[in-house]
*Asks:* 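This is the structure I have questions about; it appears just below.
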Amino acid sequence: MKIFQIEANDIVPCKGRILISSPFLMDYNFSRSVILLVHHSDDGSMGIVINKGLIYNITLNDIFPDIKSKVKIPLFKGGPLARNSLFYIHKLDFIHNAIPLGDGVFINGDFNDIMNYIDRDDYNQNNIKFFCGYASWQIGQLQREINENSWIVSSSNRELIFDDKPNDIWGISLDSLGGKYSIWAKYPKYPILN
């Protein structure tokens with residue numbers, strides 16, 4: 001029965017790694033979440049939830065009606081804080097002032113460059129995702145939560161970050177770790193309903 005005892009792994013969190021929530025984490029904002037860490041230091045941590053859609057299907061086109069692209073660009077829920085702030089994670093190495101996160105993944109950068117890219121004929125929606133809000137942890141808070149087995153730390157997977165089926169990212173992330181994590185990936189969200 002030890003396979004059902006949640007134990008975090010020993011991977012150290014750092015910028016560019018992902019946090020995978022334990023199947024038993026029932027927090028409204030973080031249940032079954034996968035978070036890309038964009039900052040981690042002794043001062044605290046910040047991340048973007050990469051697998052949650054917004055309740056309302058708002059697109060970037062709704063916010064910026066001057067976008068010429070006919071492609072409807074979805075917005076995702078990046079976390080519970082500053083939901084009126086826009087973040088974008090991308091694979092575009094030509095965006096000025098973008099912050100590298102490793103493995104060819106970047107966050108933010110010159111928004112005019114982003115808008116120009118969206119309006120180009122070769123715009124590819126699989127190269128960029130847009131998020132409202134972020135998650136953060138105060139000094140020592142993330143490590144405490146990892147020690148409490150709320151989070152599993154993993155290396156990021158560039159293709160998974162840009163997966164077009166965000167609801168599958170949590171299960172795929174756990175399953176890719178193998179062993180007991182694969183079993184946890186199949187744990188029902190509401191076991192009482194089984």
Side-chain angles (χ1 to χ4, degrees), residues 16-39 45-67 69-92 95 98-99 101 103 105-109 111 114-115 117-118 123-137 142 145 150-154 156-177 181 184-191 193:
R17 291 210 169 137
I18 60 171
L19 302 174
I20 308 165
S21 68
S22 149
F24 304 118
L25 182 62
M26 293 300 156
D27 180 280
Y28 171 78
N29 292 303
F30 300 115
S31 175
R32 305 231 167 177
S33 289
V34 178
I35 299 176
L36 176 63
L37 281 174
V38 298
H39 173 79
S45 304
M46 176 184 171
I48 304 291
V49 178
I50 61 171
N51 68 321
K52 302 278 182 169
L54 293 172
I55 294 173
Y56 304 104
N57 291 324
I58 300 170
T59 66
L60 194 68
N61 314 62
D62 296 327
I63 297 172
F64 298 100
D66 54 335
I67 290 175
S69 175
K70 294 192 183 344
V71 176
K72 293 295 182 189
I73 303 166
L75 287 173
F76 296 92
K77 180 176 154 186
L81 302 174
R83 288 197 179 161
N84 59 345
S85 297
L86 183 68
F87 298 90
Y88 32 101
I89 296 172
H90 55 89
K91 302 185 245 184
L92 309 171
I95 301 298
I99 301 166
L101 300 175
D103 195 25
V105 176
F106 303 86
I107 186 166
N108 293 357
F111 193 65
I114 295 293
M115 294 299 276
Y117 174 69
I118 289 170
Y123 168 69
N124 183 341
Q125 200 163 334
N126 294 325
N127 287 334
I128 188 166
K129 284 174 90 171
F130 294 89
F131 302 87
C132 296
Y134 66 94
S136 76
W137 294 263
L142 178 57
E145 291 181 14
S150 295
W151 299 103
I152 296 105
V153 182
S154 179
S156 68
N157 176 326
R158 184 168 113 148
E159 298 315 310
L160 197 62
I161 292 169
F162 298 98
D163 193 294
D164 60 356
K165 294 178 185 163
N167 292 336
D168 297 340
I169 293 175
W170 181 82
I172 293 169
S173 297
L174 275 176
D175 198 41
S176 70
L177 295 173
Y181 301 108
W184 296 350
K186 294 165 185 56
Y187 190 82
K189 188 169 186 176
Y190 303 107
L193 300 179

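All values below were derived from every heavy atom in this structure, side-chain atoms included, with hydrogens, water molecules and symmetry-related copies excluded.
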*Asks:* Just jot down the side-chain hydrogen bond (donor to acceptor under 3.5 Å, both in side chains) partners of D27, sequence neighbours excluded, or say none.
*Replies:*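 So D27 forms no side-chain hydrogen bond (donor to acceptor under 3.5 Å, both in side chains) with any residue.
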*Asks:* State which residues pass side-chain hydrogen bond (donor to acceptor under 3.5 Å, both in side chains) with S45; sequence neighbours excluded, sorted by chain then number.
*Replies:*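 Only H40 meet the side-chain hydrogen bond (donor to acceptor under 3.5 Å, both in side chains) criterion with S45.
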*Asks:* Do S33 and N51 have side-chain heavy atoms sitting under 4.5 Å apart?
*Replies:*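 With C-beta onward as the side chain, the pair touches.
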*Asks:* With side chains defined as the heavy atoms from C-beta onward, is the minimum distance between L101 and L36 less than 4.5 Å?
*Replies:*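 Side-chain contact under 4.5 Å: yes.
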*Asks:* If you compare all heavy atoms of F130 against all heavy atoms of I114, which two are closest, and at what distance to 0.1 Å?
*Replies:*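 That closest heavy-atom pairing would be CZ-CG2, 3.7 Å.
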*Asks:* Contact between I20 and L177 at the side-chain level, heavy atoms closer than 4.5 Å - yes or no?
*Replies:*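 Heavy-atom side-chain distance check passes, below 4.5 Å.
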*Asks:* Go through W137 and L19 one step at a time and tell me if the side chain to side chain contact (heavy atoms under 4.5 Å, CB included) criterion holds.
*Replies:* CA-CA 12 Å; W137 294 263; L19 302 174; 3.7 Å; yes
*Asks:* Does any part of the side chain of I99, heavy atoms only, come nearer than 4.5 Å to the side chain of V38, both counted from C-beta?
*Replies:*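 In short, these two side chains do not touch, never coming nearer than 4.5 Å.
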*Asks:* As an exercise, state the distance from CG of D168 to CD1 of I172, rounded to the nearest 0.5 Å.
*Replies:*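 Taking CG in D168 and CD1 in I172, the distance rounds to 5.0 Å.
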*Asks:* Locate the shortest heavy-atom distance separating A135 from I35; write the atom from each residue and the value.
*Replies:*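 Reported closest heavy-atom pair: CB-CD1, 4.4 Å.
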*Asks:* Side chains of residues 74-89: which donor-acceptor pairs under 3.5 Å do they make with residues two or more places apart or in other chains?
*Replies:*
{"unit_1": "R83", "atom_1": "NE", "unit_2": "G79", "atom_2": "O", "d": "3.4"}
{"unit_1": "R83", "atom_1": "NH2", "unit_2": "N29", "atom_2": "OD1", "d": "3.4"}
{"unit_1": "Y88", "atom_1": "OH", "unit_2": "G109", "atom_2": "O", "d": "2.6"}

*Asks:* Give the minimum heavy-atom separation between Y123 and S69, together with the two atoms involved.
*Replies:*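 Smallest interatomic distance, heavy atoms only, reads CD2-OG, 4.3 Å.
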*Asks:* Measure across K91 and F162 and return the closest heavy-atom pair with its distance rounded to 0.1 Å.
*Replies:*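 It is CG-CE1, 3.4 Å.
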*Asks:* Output all residues satisfying side-chain hydrogen bond (donor to acceptor under 3.5 Å, both in side chains) with H90, sequence neighbours left out; order by chain, then residue number.
*Replies:*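 With neighbours one apart ignored, the set is empty.
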*Asks:* Given side chains that start at C-beta, do those of V105 and I161 come closer than 4.5 Å, heavy atoms only?
*Replies:*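 SC-SC contact between V105 and I161 confirmed.
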*Asks:* Less than 3.5 Å apart, which donor and acceptor atoms pair up between the side chains of residues 59-67 and the rest of the protein, not counting sequence neighbours?
*Replies:*
{"unit_1": "T59", "atom_1": "OG1", "unit_2": "N61", "atom_2": "N", "d": "3.4"}
{"unit_1": "T59", "atom_1": "OG1", "unit_2": "D62", "atom_2": "N", "d": "3.2"}
{"unit_1": "T59", "atom_1": "OG1", "unit_2": "D62", "atom_2": "OD2", "d": "3.2"}
{"unit_1": "N61", "atom_1": "OD1", "unit_2": "I73", "atom_2": "N", "d": "2.8"}
{"unit_1": "N61", "atom_1": "ND2", "unit_2": "V71", "atom_2": "O", "d": "3.0"}
{"unit_1": "D62", "atom_1": "OD2", "unit_2": "T59", "atom_2": "N", "d": "2.9"}

*Asks:* The test is side chain to side chain contact (heavy atoms under 4.5 Å, CB included); show your working for V34 and V49 and say whether it passes.
*Replies:* CA-CA 6 Å; V34 178; V49 178; over 6 Å; no
*Asks:* Do side-chain atoms of W151 reach the backbone of E145 as a donor and acceptor pair under 3.5 angstrom?
*Replies:*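 No, the answer is negative, given that no donor and acceptor are paired below the 3.5 Å cut-off.
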*Asks:* Using side-chain hydrogen bond (donor to acceptor under 3.5 Å, both in side chains) as the criterion, list what pairs up with S173, not counting sequence neighbours.
*Replies:*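 S173: no side-chain hydrogen bond (donor to acceptor under 3.5 Å, both in side chains) contacts found.
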*Asks:* How long is the gap from CZ on F131 to CD1 on I107, to the nearest 0.5 Å?
*Replies:*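 Those atoms lie 8.5 Å apart.
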*Asks:* Would you say that N124 contacts Y117 through its side chain, given a criterion of any heavy-atom pair below 4.5 Å between the two side chains?
*Replies:*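 Yes, close enough: below the 4.5 Å cut-off.
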*Asks:* Side-chain contact test, heavy atoms from C-beta onward, threshold under 4.5 Å: evaluate it for N126 versus D163 and give yes or no.
*Replies:*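 Side chain of N126 against side chain of D163, heavy atoms only: no contact under 4.5 Å found.
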*Asks:* So do the side chains of I18 and L37 get within less than 4.5 Å of each other, counting heavy atoms only?
*Replies:*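 No. Closest side-chain heavy atoms not under 4.5 Å.
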*Asks:* For a quick test of reading the model, state the closest non-hydrogen atom pair linking S31 to S21 and the distance between them.
*Replies:*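 So the two residues come closest at C-OG, 4.0 Å.
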*Asks:* Rounded to the nearest 0.5 Å, how far does CZ of F24 lie from OG of S150?
*Replies:*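 Atom-to-atom, S150:OG and F24:CZ are 12.0 Å apart.
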